[in-house]
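Step one of this worksheet: look at the structure below.
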Amino acid sequence: MQQIGKRELIKEITPDDLRRSEGKEITFCACVHKIREMSGFSFILLRTGRYVFQSVYEDGKCAGNISGLKEGAYVKVSGVPVRENRASYGFETVLSDMEILSVPAAEYPLKVSAKKLGCSLEANMSFRSVALRHPMERAVFKISEGVVTGFRDFLLGQNFTEIHTPKIVAAGAEGGANIFKLKYFGKDAYLAQSPQFYKQTCVAFFDRVFEIAPVYRAEKHNSPRHLNEYIGLDFEMAFIKDMTDVMETETALLKHIIAHLEENYGHELEMLGAELPKITEIPAVTFFEALEILGKERSQFDLDPADEVRLCEYAKSEFDSDFIFVTKFPGLKRPFYVMDSPEDPKLAESFDLLFRGLEITTGGQRIHDCNEQLEKLRRFRIDPAELGAYLDIHKYGMPPHGGLGIGLERLVMKLLNLSNIRMASLFPRDIHHLDP
């Protein structure tokens with residue numbers, strides 16, 4: 001039990017609690033995951049917020065009346081943990097009491113108690129609140145939790161400040177048509193494509209910042225790798241020498257995230273059969289070196305999905321790395337705030353990080369000089385008047401800085417080898433799904 005105020009709350013039970021409580025009575029709340037009726041007794045699998053525990057109900061030995069008990073019922077149980085090597089975690093709970101708290105009005109439309117859910121993606125999306133009751137489905141989001149926690153812990157440890165920026169904005173950070181428009185008290189407004197402008201602004205007074213927040217893209221994609229709303233893991237840092245400082249910070253960050261998952265999420269990783277990458281150093285090639293590796297003409301100005309897969313295969317075979325940086329992209333294909341390369345102004349101080357065949361990060365060095373930014377806006381045929389508040393940060397002085405954005409769902413998708421990014425989103429938003 002956990003004391004909060006005047007009331008005792010029943011704490012979440014863990015496998016360690018079972019081991020510590022061997023031979024002593026414990027009480028916890030759970031959902032009935034599966035019932036296996038035997039002669040004179042029943043095995044009842046109890047699903048808590050993270051685990052599924054085996055319990056044993058014997059006629060005449062449990063005070064609670066379990067008539068009408070079925071899968072999906074929520075219960076409060078008391079019992080004694082005893083060793084049982086065939087049970088999960090090596091223990092089962094012999095029940096002494098069971099109180100039924102809630103019984104579902106309908107049967108599950110999906111096989112929640114099966115080893116694997118075994119339904120189509122569309123059925124999973126249609127009955128998402130049921131699908132997520134399956135232990136393997138929800139385990140994905142414990143891994144997401146671990147990635148976010150590792151991201152936050154690492155950056156706080158490096159003296160970054162966590163910020164929270166507006167998601168209703170007056171201008172899009174990336175420009176173009178892939179932006180959701182809405183009316184805001186009679187004015188045109190947009191859903192933020194990125195916290196880019198705000199995190200750059202905050203660098204002026206915090207030096208190092210990060211944000212974990214939704215990002216919106218109005219792209220009419222219907223692919224396994226795109227969402228219209230996703231969680232961005234963004235950071236921006238001042239006083240960099242060049243974009244390699246950002247790349248080195250991301251490498252250290254990813255090492256920390258992987259170590260955090262290994263230390264704290266072994267239960268979910270084992271359940272999902274995940275093989276985490278080993279990171280030492282991440283290889284890097286320039287964009288045009290990448291085209292040479294791919295055997296492509298230099299007339300190409302971006303990488304397509306097949307290119308990303310082949311480059312990751314190259315990184316794996318040549319460097320035994322699941323990751324590869326691609327740097328120095330053609331400037332015309334990168335946003336207006338990206339610094340031109342000092343070696344060639346037609347190139348940008350910008351990079352992508354590819355992981356197991358998919359781009360998960362875009363980052364680079366930003367322009368900090370006011371005149372340089374104004375000149376680039378002219379080249380991009382963007383009216384500076386449209387970016388007044390953003391240009392103020394350059395007008396009043398900025399340190400050399402850079403940063404990046406990681407797509408949480410893409411990273412989790414590849415960490416767990418999921419076939420579709422929607423499986424890494426609790427309630428996906430794409431061109432077909434606005435509900436649930």
Side-chain angles (χ1 to χ4, degrees), residues 1-2 10-59 61-62 64 66 69-102 104 108 110-119 130-146 261-276 415-418 423:
M1 299 288 187
Q2 183 179 10
I10 297 173
K11 69 185 289 289
E12 172 81 8
I13 204 82
T14 70
D16 284 342
D17 292 324
L18 295 183
R19 286 188 281 272
R20 285 192 295 265
S21 301
E22 182 180 1
K24 297 180 288 186
E25 187 166 270
I26 60 171
T27 298
F28 62 96
C29 292
C31 181
V32 175
H33 186 64
K34 189 173 185 177
I35 303 172
R36 297 202 303 267
E37 294 184 354
M38 313 296 283
S39 178
F41 69 97
S42 299
F43 290 113
I44 302 176
L45 299 185
L46 298 170
R47 188 178 70 242
T48 67
R50 189 174 186 182
Y51 304 100
V52 176
F53 297 113
Q54 181 168 299
S55 70
V56 180
Y57 169 85
E58 293 188 59
D59 295 335
K61 292 188 178 181
C62 182
I66 67 166
L69 189 70
K70 60 182 178 179
E71 289 184 15
Y74 289 86
V75 296
K76 176 182 174 182
V77 300
S78 296
V80 176
V82 298
R83 290 185 183 273
E84 173 51 72
N85 293 332
R86 292 169 294 182
S88 299
Y89 322 113
F91 282 84
E92 65 184 10
T93 301
V94 179
L95 298 177
S96 58
D97 195 14
M98 174 182 289
E99 178 186 354
I100 299 176
L101 305 176
S102 171
Y108 288 148
L110 304 174
K111 296 179 180 179
V112 171
S113 62
K115 187 173 182 180
K116 291 189 176 181
L117 194 55
C119 66
V130 175
L132 289 167
R133 299 170 197 234
H134 191 281
M136 290 184 69
E137 296 290 319
R138 70 175 183 184
V140 172
F141 300 98
K142 293 299 291 185
I143 299 300
S144 292
E145 171 195 88
L261 291 174
E262 289 174 336
E263 182 178 354
N264 298 285
Y265 293 86
H267 169 69
E268 285 79 15
L269 293 171
E270 181 179 358
M271 185 190 309
L272 295 166
E275 184 178 344
L276 295 180
L415 284 172
L416 302 180
N417 195 30
L418 304 176
M423 305 309 295

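What you see is a predicted model; the values in this text were computed from it and never measured.
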Answer yes if the ring centres of Tyr57 and Phe43 are under 6.0 angstrom apart, and no otherwise. no
Tell me whether the count of non-hydrogen atoms from other residues, nucleotides or ligands lying under 6.0 Å of CG in Asn85 goes above 12. no
Between Ser78 and Glu25, the two heavy atoms sitting closest are CB-CD, 4.0 Å
Under 3.5 Å donor-acceptor, Ser55 side chain and Ile44 backbone: yes
If you compare all heavy atoms of Ile35 against all heavy atoms of Lys70, which two are closest, and at what distance to 0.1 Å? CD1-CA, 3.8 Å
Between Val112 and Lys34, is the side chain to side chain contact (heavy atoms under 4.5 Å, CB included) condition met? List the steps. CA-CA 9 Å; Val112 171; Lys34 189 173 185 177; over 6 Å; no
Report yes if the side chains of Thr93 and Gln54 come closer than 4.5 Å at any heavy-atom pair, otherwise no. no
Would Leu276 and Glu262 count as a side chain to side chain contact (heavy atoms under 4.5 Å, CB included) here? Give the steps. CA-CA 8 Å; Leu276 295 180; Glu262 289 174 336; 3.5 Å; yes
In Å and rounded to the nearest 0.5 Å, what is the CG to NZ distance from Asn264 to Lys142? 10.0 Å
Min side-chain heavy-atom separation Arg133-Arg47 under 4.5 Å: yes
Decide yes or no on side chain to side chain contact (heavy atoms under 4.5 Å, CB included) for Met136 and Leu272, but give the supporting numbers first. CA-CA 6 Å; Met136 290 184 69; Leu272 295 166; 4.2 Å; yes
Where do Tyr265 and Ile143 come nearest, in terms of heavy atoms and distance? CB-CD1, 3.9 Å
Give me the ring orientation class for Tyr51 and His267: parallel if the planes are under 30° apart, tilted from 30 to 60°, perpendicular past 60°. tilted
Interatomic distance, CG@Asp59 vs OG@Ser42, rounded to 0.5 Å, equals 7.0 Å
Could you check whether any side-chain N or O of His134 sits under 3.5 Å from a backbone N or O of Ala114, counting only pairs where one atom can act as donor and the other as acceptor? yes
Side-chain donor or acceptor of Arg138 paired with backbone N/O of Arg50 under 3.5 Å: yes
Calculate, to the nearest 0.5 Å, the distance between atoms CG and CD belonging to Leu416 and Glu268 respectively. 10.0 Å
Any side-chain heavy atom of Met271 within less than 4.5 Å of one from Pro135? yes
To the closest 0.5 Å, what do you measure between SG (Cys29) and CG (Leu101)? 5.5 Å
Checking Ser21 side chain against Lys24 main chain: does a donor-acceptor pair fall under 3.5 Å? no
Would you find a donor on one side and an acceptor on the other, under 3.5 Å apart, between the side chain of Glu92 and the backbone of Arg83? no
Check whether the ring centres of Phe91 and Tyr89 lie less than 6.0 Å apart, and answer yes or no. no
For residues Leu18 and Pro81, report the shortest heavy-atom separation together with the two atoms involved. O-CB, 3.7 Å
Do the non-hydrogen side-chain atoms of Leu69 and Val75 ever get within less than 4.5 Å of each other? yes
Apply side chain to side chain contact (heavy atoms under 4.5 Å, CB included) to residues Phe53 and Ile13 and explain how you reach the verdict. CA-CA 9 Å; Phe53 297 113; Ile13 204 82; 2.9 Å; yes
Between Glu12 and Thr48, a side-chain donor and acceptor under 3.5 Å: yes
Closest non-hydrogen atom pair between Glu137 and Leu117, with its separation: CG-CD2, 3.8 Å
Answer whether the closest heavy-atom distance between the side chains of Phe141 and Leu132 falls below 4.5 Å. yes
Name of the residue among Val77, Leu95, Val94 meeting side chain to side chain contact (heavy atoms under 4.5 Å, CB included) with Cys62: Leu95
Looking at Glu99, I'd like to know if its CD atom is crowded, meaning that more than 12 non-hydrogen atoms belonging to other residues, nucleotides or ligands lie closer than 6.0 Å. yes
Kindly give the heavy-atom pair with the smallest separation between Ala274 and Leu415, and that separation in Å. CB-O, 4.0 Å
Within this structure, what is the CD1-CZ distance for the pair Ile26 and Arg20, rounded to the nearest 0.5 Å? 10.5 Å
To the nearest 0.5 Å, tell me how far His33 NE2 sits from Leu46 CG. 10.5 Å
